[in-house]
Amino acid sequence: MKAEVVIIGAGPAGTAAAIHLGQLGVSDVVLVDRLDFPRDKTCGSGVSPKGIEVLDELGVWRDVEPRAYRINGMRVVTSGDREIYVSGGDANAAVICQRRVLDHILLERAKALGVTFVPNFVARELREDDGRIAGVVARDGREIRARLTVVADGAHSKFVVERGPKHIIHAIMGWWDRVPFRANHVEMIFDKDVLPYYGWLFPETESRVNIGICYGDDARTKNARELFAAFLAKHYASRLVGAEQVGDWKGHPISYSYSIDKLCSPGRLIIGEAGRMTHPATAEGIYQGMRSGMIAAEAIAAIVAHTASEADAFARFERRCRRTFLASFWGGALIKRAVSSPLPDWMAVAGKPLLRRFATQLAS
């Protein structure tokens, strides 16, 4: 196949790029993924208020909203086992939307705008012509030649520009039916064994929740299943009595960085988690993936319309990604230090309004 643009990966980053290219009038876009859709994806599935704004801009929020679970409050447990409930009100509401649902809705929107979807395409290598990336080759030999290639295949991507060692957050999670929880509230538990990260409970429906932990393990000394089992026993044992586990526990890595650079090379742009654009403290990546995909689409549209050279459009793409995400990533570093300190417990003792403001910052 030949295309103007090929996008590798049909998660939120890749589909957002495809949708926005369609919105901007760029035709002949091919989107490939190693799986067919709908498909399950291991993820907490939280979409922040900023993520909802992006879904609205992409024209899919009205389809997502009735199939998502609205969140307008949070239970926070500090490392000293002090807890507080925070309500953000409808104006700051987030949602939990299963990735099987969210990603499929985004894909269908892209296809409706003329994007060609190629499933079961396991990318093996990028095609290179005269020093520039010019498409992708599948493991089975199929090839898509393209003027521009967008890399959006997540944490394990082997198609990125080399940037040195990456930071990894490890996560493991499971699903349960009939676990008691406060309606429309998520839970963030800053257990000492997973600091500076956290455990969570996210309700996906009125009756189903996902529970998980994320943690660091640069030395590779921790056993994920043992760590998760201990967390469940400490924080959820009584609430899991009578609950029914759905499927097995699943783990997944989250790649992040405190810098945003080397997202481009001739013919290639890198978006979403492939570009390490996930939040270093909360591990949020859906909003960042979609927004970076839209920014990439605008760079590509400028190139196609001959209003900017490739070099200028790519440089602007990187600058915009830095302006959009970098301050929050640096803030994430401060949050990680704060939750590992006595500060949250001091706030709980000194006055709940302080802890409420801190918890609200975690969710923003």
Side-chain angles (χ1 to χ4, degrees), residues 40-48 68-88 94-100 169-217 222-254 279 281-284 335-336 339-340 344-345 347-348 352 355-356 358-360 362-363:
D40 291 312
K41 177 71 174 177
T42 304
C43 178
S45 303
V47 183
S48 66
Y69 187 86
R70 180 169 286 268
I71 301 297
N72 54 25
M74 179 189 300
R75 172 182 177 246
V76 177
V77 179
T78 70
S79 59
D81 291 327
R82 301 180 185 275
E83 72 168 23
I84 187 150
Y85 283 87
V86 179
S87 177
V95 297
I96 308 297
C97 186
Q98 297 171 350
R99 289 289 298 276
R100 182 179 183 86
I169 303 170
H170 300 272
I172 182 170
M173 60 187 295
W175 290 260
W176 285 264
D177 285 331
R178 300 191 302 275
V179 176
F181 65 92
R182 181 177 288 196
N184 306 110
H185 281 62
V186 298
E187 301 181 14
M188 295 181 74
I189 299 176
F190 293 93
D191 187 277
K192 292 178 180 178
D193 289 339
V194 298
L195 289 176
Y197 300 106
Y198 63 97
W200 74 82
L201 180 150
F202 289 174
E204 295 182 349
T205 68
E206 297 288 348
S207 60
R208 178 167 296 180
V209 302
N210 71 65
I211 304 174
I213 57 172
C214 47
Y215 62 95
D217 187 19
K222 299 178 181 178
N223 182 295
R225 298 184 74 87
E226 291 178 1
L227 192 63
F228 189 32
F231 174 84
L232 291 173
K234 179 178 179 181
H235 296 283
Y236 288 102
S238 62
R239 291 163 65 182
L240 291 177
V241 174
E244 179 182 355
Q245 185 173 329
V246 181
D248 196 8
W249 299 348
K250 294 184 179 180
H252 62 102
I254 301 159
H279 197 279
T282 65
E284 178 190 10
I335 288 173
K336 287 164 68 172
V339 298
S340 299
D345 287 290
M347 288 179 174
K352 288 187 176 181
L355 188 55
R356 284 195 183 96
F358 180 73
T360 300
L362 287 173

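All values reported here derive from a predicted model rather than from experimental measurement. When reading the values below, keep in mind they use all heavy atoms of this one structure, side chains included, and skip hydrogens, waters and symmetry mates.
When all heavy atoms are compared, the tightest approach of Glu204 to Ser45 is OE2-OG, 4.4 Å. Of all non-hydrogen atoms in Ser48 and Ala94, the two that sit nearest each other are CA-CB, 4.1 Å. In terms of heavy atoms, Gly199 sits closest to Val194 at N-CG2, 4.2 Å. Residues Trp249 and Arg225 share a closest heavy-atom pair of CZ3-O, 3.6 Å. Taking every heavy atom of both residues into account, Lys222 and Asp193 meet most closely at NZ-O, 4.1 Å. Contact detail for Gly44 and Asn210: the closest heavy-atom pair is O-ND2, 3.2 Å.
Atom-to-atom distance recorded for Cys43:SG and Arg100:CZ is 15.0 Å, nearest 0.5 angstrom. With rounding to the nearest 0.5 Å, the separation of CE in Met74 from NE2 in His185 is 9.5 Å. Within the model, atoms CD of Glu244 and CZ of Arg208 stand 8.5 Å from one another, a figure rounded to the nearest 0.5 Å. Going from atom CG of Leu201 over to atom CH2 of Trp176 covers 9.0 Å, rounded to the nearest 0.5 Å. Atom NZ in Lys336 sits 11.5 Å away from atom CG in Leu195 (nearest 0.5 Å). Interatomic distance, CG of Asp177 versus CD of Glu206, reported as 12.5 Å (0.5 Å rounding).
Using a 4.5 Å heavy-atom threshold, the side chains of Pro196 and Ile335 count as separate. The shortest distance between side-chain heavy atoms of Arg75 and Ile189 falls below 4.5 Å. Side-chain contact between Val186 and Ile96: present, with at least one pair of heavy atoms (C-beta onward) separated by less than 4.5 Å. In this structure the side chain of Leu227 never reaches within 4.5 angstrom of the side chain of Ile172, judged on heavy atoms.
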Would Val77 and Tyr198 count as a side chain to side chain contact (heavy atoms under 4.5 Å, CB included) if you check the C-alpha gap in whole Å, the side-chain angles of each, and the deciding distance to 0.1 Å? CA-CA 10 Å; Val77 179; Tyr198 63 97; over 6 Å; no

Go through the steps for Ile254 and His279 under the test side chain to side chain contact (heavy atoms under 4.5 Å, CB included), then give the verdict. CA-CA 9 Å; Ile254 301 159; His279 197 279; over 6 Å; no

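Heavy-atom contacts from other residues, nucleotides or ligands closer than 6.0 Å to NZ of Lys41 number 12 or fewer.
Under a 3.5 Å cut-off, the side chain of Tyr236 and the backbone N or O of Phe231 do not form any donor-acceptor pair. Without hydrogens or angle criteria, Gln245 side chain to Gly247 main chain gives a donor-acceptor distance under 3.5 Å. Panel note: side chain Asn184, backbone Asn72; no donor-acceptor pair is recorded below 3.5 Å. Judged purely by atom type and a 3.5 angstrom limit, Tyr197 has no side-chain atom pairing as donor or acceptor with the backbone of Ile213.
Between Glu187 and Arg239 there is a salt bridge, since a side-chain N of the basic residue sits under 4.0 Å from a carboxylate O of the acidic one.
Ring geometry, Phe181 versus Tyr69: the interplanar angle exceeds 60°, so the pair is classed perpendicular (tilted spans 30 to 60°).
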